[in-house]
Novice: 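Sharing a structure, written as structure tokens. Questions coming.
Naming convention: chains lettered A, B, ... in sequence-line order (proteins, then strands); numbering from 1 in each chain. Computed over heavy atoms, backbone and side chain alike; hydrogens, waters and symmetry mates excluded.
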Number of protein chains: 2
Amino acid sequence: MKIIKKEVDYAIRALIFIYEKGGKSSITEICRNMNAPNPFLRKILQILSKNGILKSTKGIGGGFEFNKPFGEITLADITYLFTEKIKKGSCPFKTPICSNSHKCKLKFKISEIEDKIYEQLSSVKISDLWRP
Amino acid sequence: MKIIKKEVDYAIRALIFIYEKGGKSSITEICRNMNAPNPFLRKILQILSKNGILKSTKGIGGGFEFNKPFGEITLADITYLFTEKIKKGSCPFKTPICSNSHKCKLKFKISEIEDKIYEQLSSVKISDLWRP
DNA sequence: AAAAAATGATACTATTTTAGTATCATTTAA
DNA sequence: TTAAATGATACTAAAATAGTATCATTTTTT
């Protein structure tokens, strides 16, 4: 089961890199270090920026720095910037193929399960992921 | 987050239909009832058959029936016929983009999380999904 | 024996999602 | 004013998911 997208993976590692660099870095620098495609990482960090995880400054000497304390960022924070949450009590399939949807409990179970996944992801801080 | 594939959805509903039909039915009959594409459902039930959930008989009057008691089949049983499990402690990405993989804890966390998902899925019996 | 009605196996195609690229605009420091 | 950064956004490529097509095999009925 795919829990983490590549975007999330890149985001996590970029955050850790920025932290190690003392709290600020640029796409170019991050990419040089972690071997991610520059324009893709850029798109990713822009999303973190728009969502209050990072803040950015343009121009020479610019880059991305933390807007939220590094130690408070969780796996859930990042994952759910790139992953749609299932709406509670609605069938997860676009075509409502099923004629019994009014008595179907699957949709409720699924969102219960997603809640638990979310709990799990929330319990993991990005800062806990690196280093022994 | 996508927890259930369409194959799993169809499989679940087919199982419930077979149960309601008294424990045996054919693809044609199931499809007529639940509006799934016949050859796709066929492929799905063949997988359930190969994996000991159902057993099949060919020829006129044939079809699929339970090989395992309906009440014992869980969401995990079905899901993991169609979903790869993440290998413990191995990076989930094919290209090992990351130079720090020896100190990376993400892979361990991910498989811990998958274990919890599995627990959740195991706790849901297919027989619990229908009816009020 | 032959035809019909079922599943088995498997290769192929289409659609959707994920991953990644390209490009032009804007900001800022040197 | 130019270079070095991000912002926005449209486009393309690759991979995964969903679905189709076809031929083989088995079994029952006629």
Novice: Roughly, in whole Å, what's the span from NZ in B:K6 to P in C:dT17?
Specialist: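 It is 10 Å, rounded to the nearest whole Å.
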Novice: Are any of the side-chain nitrogens in B:R13 or B:D9 under 4.0 Å away from the carboxylate oxygens of its partner?
Specialist: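 So B:R13 pairs with B:D9 through a salt bridge.
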Novice: Rounded to whole angstrom units, what separation is found between the NZ atom of B:K24 and the C1' atom of C:dT7?
Specialist: 11 Å
Novice: What is the distance, to the nearest angstrom, from the CZ atom on B:F64 to the P atom on C:dA6?
Specialist: 12 Å
Novice: A:F82 near the nucleic acid: base, sugar-phosphate alone, or nothing, with a heavy-atom cut-off under 4.0 Å?
Specialist: nothing
Novice: Do A:L121 and A:T74 have side chains that get closer than 4.5 Å, going by heavy atoms?
Specialist: no
Novice: Kindly confirm or rule out a cation-pi arrangement of B:K85 over B:Y118, judged by NZ or CZ under 6.0 Å from the six-membered ring centre and within 45° of its axis?
Specialist: yes
Novice: Please determine if a side-chain N or O atom of B:K2 lies less than 4.0 Å away from the OP1 or OP2 oxygen of D:dA18.
Specialist: yes
Novice: Once ring-ring contact (aromatic ring centres under 6.0 Å, His included) is applied, do any residues pair with B:F82, and if so which ones, sequence neighbours excluded?
Specialist: none
Novice: Between A:E29 and A:K21, is the closest basic N to carboxylate O distance under 4.0 Å?
Specialist: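 Looking at A:E29 together with A:K21, the answer is yes, because their closest N to O distance falls below 4.0 Å.
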Novice: Under 3.5 Å, which donor-acceptor pairs do the side chains of residues 39-59 of chain B form with other protein atoms, sequence neighbours left out?
Specialist:
residue : atom : partner : partner atom : Å
B:N51   : ND2  : B:I47   : O            : 2.8
B:T57   : OG1  : B:K24   : NZ           : 3.3
B:T57   : OG1  : B:G63   : N            : 3.4

Novice: Distances for protein N/O vs nucleotides 22-30 of chain D N/O pairs under 3.5 angstrom?
Specialist:
residue : atom : partner : partner atom : Å
D:dT26  : O4'  : B:K58   : NZ           : 3.4

Novice: Roughly how many Å is it from CD1 in B:I44 to P in D:dT20, rounded to a whole number?
Specialist: 11 Å
Novice: Report which part of the nucleic acid B:L45 touches: base, sugar-phosphate, or nothing (heavy-atom distance under 4.0 Å, all strands).
Specialist: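 It contacts nothing in the nucleic acid.
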Novice: To the nearest angstrom, how far is B:I27 atom CD1 from D:dG19 atom P?
Specialist: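 Taking atom P of D:dG19 as the reference, CD1 of B:I27 is at 14 Å.
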Novice: Can you work out whether B:P37 or A:K43 has the more 5'-proximal nearest nucleotide on DNA chain D?
Specialist: A:K43
Novice: Just N and O in the side chain of A:Y10: are any of them under 4.0 Å from OP1 or OP2 of C:dA19?
Specialist: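 It does not, given that no N or O in the side chain of A:Y10 lies less than 4.0 Å from OP1 or OP2 of C:dA19.
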Novice: Nearest to the B:S26 side chain among C:dT7, C:dA11, C:dA19, which nucleotide is it?
Specialist: C:dT7
Novice: With a 4.0 Å cut-off on N to O distance, would you call A:K109 and B:D128 a salt bridge?
Specialist: no
Novice: Once you round it to whole Å, what is the distance between P of C:dA11 and CZ of B:F40?
Specialist: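 After rounding, the reported distance stands at 18 Å.
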Novice: B:K5 has an atom NZ; how far is it from atom P of C:dT16, in whole Å?
Specialist: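 Rounding to the nearest Å, NZ of B:K5 and P of C:dT16 are 17 Å apart.
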Novice: Which whole-number value in Å describes the distance from B:F93 CZ to C:dT18 P?
Specialist: 12 Å
